[in-house]
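Atoms within each ligand, like the ligands themselves, are counted from 1 in listed order.
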Amino acid sequence: MAEAGTLHDAFIDELRDAYDAEKQLLKALPKMARKASARALKEAFESHRAETEGHVDKLEQVFASLDEKVRGKHCDGIAGIIEEGKSVMEEDFDDDTMDACLIAGGQRAEHYEMAAYGTLVAWAQAMGHDEAAGLLEEILDEEKAADQKLTGLAEGGINQAASEAAMAGEGDDESDEDKAPAPKRATAAKKSASGGKKKTAKRK
Ligand SMILES: [Fe+2]
Ligand SMILES: [Fe+2]
């Protein structure tokens, strides 16, 4: 009978997953930087790409500290987040809205990484892998800082700019919504006023 896997095996598996996730992000971040309009957002993605290269190096040091071969294992989680980000990037949004969406996508990736590294640090500490724990904690801190930087950019003007454009667009005579026949719109308004199903925001 095969021996059951241990926490050490699960730890190595998670490390391989994280290594692959970083490699995927190395390719995705430049695309996000190119798509961003606000200079500060472009720079945030570019500088996090450089940090991400450092994460790859640190993970290689972690593997070495454990006498393990450096190997990645396809990370489905980050692949899904990147895929969602790609489909948002294909939308026809105004520049400020696209920036707000890029921040949202970027933060999904950072939170995924924060969860992964939080677990890896805890497991490394529990098993007494001090060198690995230290390196993983350094990565975790940079993921948290990247997330906070994105929050700062969103709250520091990008969300506001996007919402102003949305509010200005409400009076736009060319929007499909304004072409809707008046009685239908009145019914919709009545429905939502009476606590009916909330209308989903239009994306275009
Ligand atoms: Fe990372
Ligand atoms: Fe990251």
Take the Fe ion (ligand 1) as the vertex and measure to ND1 of His55 and OE2 of Glu22; round to 10°.
90°
N/O/S from [X] sitting under 2.8 Å away from the Fe ion (ligand 1):
X      : answer
Glu143 : yes
His48  : no
Glu113 : yes

Is it true that a side-chain atom of Asp9 and a backbone atom of Thr6 form a donor plus acceptor pair closer than 3.5 Å?
yes
Has Asp95 got a side-chain atom pairing as donor or acceptor with Ser37's backbone, closer than 3.5 angstrom?
no
Just checking, any donor-acceptor pair under 3.5 angstrom between side chains of Gln24 and Asp20?
yes
Do you see a donor-acceptor pair shorter than 3.5 Å between the side chains of Glu143 and His111?
no
The Fe ion (ligand 2) - name of the N/O/S atom of Glu110 that sits closest to it:
OE1
Salt bridge (Lys or Arg N to Asp or Glu O under 4.0 Å) between Lys42 and Glu46, worked out:
CA-CA 6 Å; Lys42 266 186 194 296; Glu46 280 160 6; over 6 Å; no
